[in-house]
Asker: 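Have a look at this one.
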Number of protein chains: 2
Amino acid sequence: MKRNSRLSAILHVILHMAERGKAMTSEELALCMQTNAVVVRRTMAGLREAGFVTSQKGHGGGWVIARDLRDITLRDMYDAVGAPEMFALGNRTETPQCLVEQAVNQALDGAFAEAEALIIERLGSVSLADLAADFHRRFAAHAQHGNSHHAT
Amino acid sequence: MKRNSRLSAILHVILHMAERGKAMTSEELALCMQTNAVVVRRTMAGLREAGFVTSQKGHGGGWVIARDLRDITLRDMYDAVGAPEMFALGNRTETPQCLVEQAVNQALDGAFAEAEALIIERLGSVSLADLAADFHRRFAAHAQHGNSHHAT
DNA sequence: TTTCATGTAACAACGTATGATACATGAAAC
DNA sequence: GTTTCATGTATCATACGTTGTTACATGAAA
């Protein structure tokens, strides 16, 4: 099944923006992500509406982070990209007449709901600042081994 | 995203088979599931290979459950349908060069892996007999309210 | 007024799940 | 033995969501 990678993509993008520290254009971000500028704008739209980033048209324009990274959690990002359906597995029929299927759905829904709550909770407990710190650790370790590129 | 409903479907089917108590043809099962007999055979193939059901060609043939329902868990069924990918969310790149993306992937993978383990554990703790019992409770409650059909 | 950048609609490409058709194989009934 | 019923399986059709691309409008700075 084709998996939705917007959350992954947007986290990647916003951390790059944080490293850069000044406005970045959709074109630049698209280059980071090996994708298209329009795709970047489309995905970033949610973050802009939620107030996590701002965008500016014209010369010197582009995208800027509007909040402290410590105040943005992965859950915020998940919500900002539209809180897409988390599971690839689903019920055959959502509101079945069949009592057999009702029993099946309840059993599966229970398991999935619990797991979703767990994920949401975990995403809520990690801030972008935490992720950035993790990256800096990796970068330091990487540099020690003689390799210094961290682009894309 | 289009969700994979094979686990849901196969549970529905096998509980109907348990209720019936004798061989059921793919055609009959397809009717229960409002789908096609070929789809039923395709999905049941995994269960047959795993030894949970047997199939017989010719007159009086069809599908029969080969084990005690108490000895089959929902996890067995999940594995038997090929243990399909559970999550609709995924990483943009699975083994990225970019250190930023490595940090992102690890954060997301951790959350998802934990949730997947939780689901697997829950599926393993529920047997088909449990599901059947749940259905019987529903059926009894339903019958009390004057409605007696439970088909499909 | 030109250039740069976002905003957005519309369409194409691709992958996966599911449905449908066709035909081969095997087992029971007659 | 031939007919009928049923599975086994390959192949194609359909539907749908994600992602990529093109085109054009809008707004801001040079």
Side-chain angles (χ1 to χ4, degrees), chain A residues 1-10 12-13 17 20 22-49 53-66 81-94, chain B residues 1-10 12-13 17 20 22-49 53-66 81-94:
Chain A
M1 170 155 328
K2 193 156 208 173
R3 299 163 84 191
N4 180 326
S5 60
R6 285 185 204 171
L7 176 58
S8 166
I10 213 68
H12 188 191
V13 158
M17 289 171 61
R20 179 70 71 88
K22 62 175 182 176
M24 289 183 77
T25 67
S26 303
E27 211 65 60
E28 290 172 307
L29 292 173
L31 219 73
C32 283
M33 312 218 343
Q34 301 159 310
T35 182
N36 190 292
V38 175
V39 175
V40 171
R41 293 191 193 110
R42 190 191 288 158
T43 317
M44 294 289 281
L47 300 214
R48 185 186 56 230
E49 283 154 25
V53 300
T54 57
S55 58
Q56 269 293 308
K57 292 180 177 178
H59 275 95
W63 299 89
V64 174
I65 301 178
V81 294
E85 174 58 43
M86 223 171 248
F87 296 103
L89 269 47
N91 294 325
R92 209 181 53 85
T93 306
E94 222 41 70
Chain B
M1 167 150 335
K2 194 158 208 173
R3 299 163 84 191
N4 179 327
S5 60
R6 284 186 205 171
L7 176 58
S8 166
I10 214 70
H12 188 191
V13 157
M17 288 170 63
R20 178 70 71 88
K22 60 175 183 177
M24 288 183 77
T25 68
S26 303
E27 210 66 60
E28 290 172 307
L29 292 173
L31 219 75
C32 282
M33 311 218 344
Q34 300 159 311
T35 182
N36 191 290
V38 175
V39 175
V40 171
R41 292 190 194 111
R42 189 191 290 157
T43 316
M44 294 290 280
L47 299 214
R48 185 186 54 231
E49 282 154 27
V53 300
T54 57
S55 58
Q56 270 293 309
K57 292 181 176 177
H59 274 96
W63 300 88
V64 175
I65 301 177
V81 294
E85 175 57 45
M86 223 173 248
F87 296 102
L89 267 48
N91 293 326
R92 207 181 56 84
T93 305
E94 221 43 68

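Below, chain A is the first sequence line, B the second, and so on; all start at residue 1.
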Asker: Between A:Trp63 and B:Arg6, which has a closest nucleotide on DNA chain C that is more 5'?
Answerer: A:Trp63
Asker: Hey, is the side chain of B:Ser26 poking within less than 4.0 Å of OP1 or OP2 on D:dA6, counting only N and O atoms?
Answerer: no
Asker: How long is the line joining CG of B:Asn4 and C1' of D:dG17, in whole Å?
Answerer: 14 Å
Asker: With no hydrogens and no angle check, is any side-chain donor or acceptor of A:Ser8 less than 3.5 Å from a backbone partner on B:Arg92?
Answerer: yes
Asker: Which atom pair, heavy atoms only, marks the closest approach of B:Pro84 to A:Leu89?
Answerer: CG-CD1, 4.0 Å
Asker: How many whole angstroms separate atom CD of B:Glu27 from atom P of C:dT21?
Answerer: 12 Å
Asker: In this structure, how many angstroms lie between the P atom of D:dT19 and the CD1 atom of A:Ile10, rounded?
Answerer: 11 Å
Asker: Can you name the closest pair of heavy atoms from B:Val53 and B:Met17 and give their distance?
Answerer: CG1-CE, 4.4 Å
Asker: With a 4.0 Å heavy-atom cut-off, tell me which residues in residues 35-45 of chain B come close to DNA chain D, sorted by residue number.
Answerer: B:Val38, B:Arg41, B:Arg42
Asker: Can you tell me how far CH2 of A:Trp63 sits from CE of A:Met44, rounded to the nearest 0.5 angstrom?
Answerer: 5.0 Å
Asker: As an exercise, state the distance from OG1 of A:Thr35 to CG of A:Leu29, rounded to the nearest 0.5 Å.
Answerer: 11.0 Å
Asker: Kindly indicate whether the side chain of B:Gln56, heavy atoms from C-beta on, has any atom under 4.5 Å from the side chain of B:Val64.
Answerer: no
Asker: Distance check needed: C:dG19 C1' versus B:Leu31 CG, whole Å only.
Answerer: 15 Å
Asker: Where do B:Ala23 and B:Gly60 come nearest, in terms of heavy atoms and distance?
Answerer: CB-O, 4.1 Å
Asker: Between D:dT19 atom P and A:Gln34 atom CD, what is the distance in whole Å?
Answerer: 15 Å
Asker: With A:Glu27, which residues qualify under side-chain contact (heavy atoms from CB on, under 4.5 Å), at least two apart?
Answerer: A:Thr25, A:Ala37
Asker: What does the B/S/- profile of nucleotides 25-30 of chain D look like, 5' to 3', with a 4.0 Å heavy-atom cutoff to protein?
Answerer: -BBBBS
Asker: Among all residues two or more places apart in sequence or in another chain, which pass the side-chain contact (heavy atoms from CB on, under 4.5 Å) test with A:Thr43?
Answerer: A:Arg6, A:Ile10, A:Val39, A:Val81
Asker: Less than 4.0 angstrom between a side-chain N/O of A:Arg3 and OP1 or OP2 of D:dG17, yes or no?
Answerer: no
Asker: Sub-3.5 Å donor-acceptor pair from the side chain of A:Arg48 to the main-chain atoms of A:Ser55, do we have one?
Answerer: no
Asker: For C:dA17, does OP1 or OP2 lie under 4.0 Å from any side-chain N or O of B:Ser5?
Answerer: no
Asker: From CE of A:Met24 over to P of C:dA5, roughly how many Å is that when rounded to an integer?
Answerer: 12 Å
Asker: Does the side chain of B:Ser55 get closer than 4.0 angstrom to OP1 or OP2 of D:dG8 through an N or O atom?
Answerer: yes
Asker: Rounded to whole Å, how long is the line connecting atom CD of A:Glu85 with atom C1' of C:dT16?
Answerer: 16 Å
Asker: Tell me, what's DNA chain D's dot-bracket, Watson-Crick or G-U with both distances under 3.5 Å, | for other-strand, [ ] crossing?
Answerer: ||||||||||||||||||||||||||||||
Asker: Does the side chain of B:Arg48 get closer than 4.0 angstrom to OP1 or OP2 of D:dT7 through an N or O atom?
Answerer: no
Asker: Return the minimal non-hydrogen interatomic distance between B:Met24 and B:Glu28, and the atom names on each side.
Answerer: CA-OE1, 3.2 Å
Asker: At 4.0 Å (heavy atoms only), tell me whether B:Arg92 reaches a base, stays on the sugar-phosphate, or touches nothing.
Answerer: nothing
Asker: Holding to side-chain contact (heavy atoms from CB on, under 4.5 Å), I want the full list of residues that pass it with A:Ala66, two or more places apart in sequence or in another chain.
Answerer: A:Thr54
Asker: Roughly how many Å is it from CE in A:Met17 to C1' in C:dT6, rounded to a whole number?
Answerer: 13 Å
